[in-house]
Amino acid sequence: MPVTYIKCLGILTSIQLFTISKFCERKRWYAILCARMETKIINIQPITPSVTSFHLEKPPGFDYQAGQYINITIPCENPDNRGSRRNCSLSSAPYEDVLTLSFRHGVSTFKKTMLTLGVGTPLSFIGPFGTFFLNEDTSIPAVFLVGGIGITPVHSMIKQALFQKLPKQMTVIYSNRNSSDVPFKEELDTLAQHNTNLTIHYTTTQDKDAGRHGRIDQTMIREIVPDISAAEFYMCGVPKMTLDLKKILEEMGVTKDRIYFEVFTGY
Ligand SMILES: Cc1cc2nc3c(=O)[nH]c(=O)nc-3n(C[C@H](O)[C@H](O)[C@H](O)COP(=O)(O)OP(=O)(O)OC[C@H]3O[C@@H](n4cnc5c(N)ncnc54)[C@H](O)[C@@H]3O)c2cc1C
């Protein structure tokens with residue numbers, strides 16, 4: 001067979017594969033095509049009155065980047081119209097040998113069933129998905145604007161960055177309703193105590209004890225971040241809060257290439 005013919009065939013096959021993969025990506029069919037991973041619960045840990053962490057076995061060969069999420073399926077009898085699968089960010093860091101999912105309790109059959117599952121329950125998932133990553137350019141300080149359970153991918157990024165001893169300034173502005181229900185507070189405080197690169201500012205929107213109060217807004221961001229133009233911003237939380245914050249940042253003149261966000265649809 002002539003060499004040019006073989007080359008042409010190779011180029012055509014590459015183009016076809018590229019087109020198919022782009023099509024699948026757009027249609028989100030890649031989720032269906034992904035290999036399903038089997039795992040099981042190895043530990044269950046309530047971390048606040050309304051959030052529980054599930055530690056899962058890390059399947060051999062499974063790899064992910066800090067900030068990514070998986071789509072988990074649980075054994076759920078008679079699921080409601082939302083079904084028995086959910087997207088969930090990994091709150092664990094890639095260097096750890098377990099996978100951790102941290103869910104806010106809820107009213108769906110998925111959430112209710114989740115709280116009845118015991119250690120040893122087999123689960124399956126597809127993934128990892130997502131592009132909510134920490135920019136490893138250490139010359140740009142990172143500012144995380146987080147609402148409640150939106151801390152899960154940020155927790156993963158921070159732990160991984162500190163583990164890698166990345167010399168990057170990280171500031172977290174973390175908003176919750178009450179100071180008694182702040183996922184990962186103790187762990188974040190300990191990390192901040194031992195790492196000068198990490199600073200955490202808490203704000204609460206409903207209780208009035210000591211500390212900062214109110215939603216994250218322009219004034220709060222300006223107060224905490226001395227040089228807005230030098231920083232990059234990462235946001236994660238329920239859709240309204242995340243999209244409102246994105247708008248606020250744009251109004252403050254932060255360019256789109258300095259804004260990274262993940263929206264927790266479903267809340
Ligand atoms: C990329 C990504 C990452 C995510 N990561 C996390 C994470 O780390 N942790 C986490 O907790 N969540 C995460 N989520 C959100 C998660 O996937 C669920 O959408 C969310 O937890 C809501 O769960 P739920 O549907 O079981 O509703 P619930 O938590 O039970 O309830 C949430 C709201 O939906 C309403 N609702 C519940 N069921 C129904 C129903 N059948 N019909 C109509 N309304 C209903 C409730 O009244 C309530 O207002 C993530 C989402 C995305 C997209």
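Each ligand, and each atom within it, is numbered from 1 in the order the structure gives.
- Applying the side-chain hydrogen bond (donor to acceptor under 3.5 Å, both in side chains) rule to T39 yields no partners; only residues at least two apart in sequence or on another chain are considered.
- Residues D181 and T48 bring a donor and an acceptor atom of their side chains to less than 3.5 Å of each other.
- Sorted by first then second residue, the ring pair (Phe, Tyr, Trp, His ring centres under 6.0 Å) pairs that include residues 218-238, not counting sequence neighbours, are F144-Y234, Y234-Y260.
- Counting only heavy atoms from C-beta outward, the side chains of K112 and T109 never approach each other to under 4.5 Å.
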Do any side-chain atoms of residues 145-160 form donor-acceptor pairs under 3.5 angstrom with protein atoms, and if so which ones, sequence neighbours left out?
from : atom 1 : to   : atom 2 : distance (Å)
T152 : OG1    : I149 : O      : 3.3
H155 : ND1    : S91  : O      : 2.7
H155 : NE2    : E187 : OE1    : 3.2
H155 : NE2    : E187 : OE2    : 3.2
S156 : OG     : S92  : O      : 2.7
K159 : NZ     : E96  : OE2    : 2.8
K159 : NZ     : E187 : OE2    : 3.0
Q160 : OE1    : Y95  : N      : 3.1
Q160 : NE2    : Q164 : OE1    : 2.9

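- Contact residues for ligand 1 (protein heavy atom closer than 4.0 angstrom to any ligand atom): Y69, D80, N81, R82, R86, N87, C88, S89, S102, F103, R104, G106, V107, S108, K111, I149, T152, E262, V263, F264, T265, G266, Y267.
- Relative to the ring axis of Y202, K185 places its NZ or CZ within 45° and under 6.0 Å from the centre.
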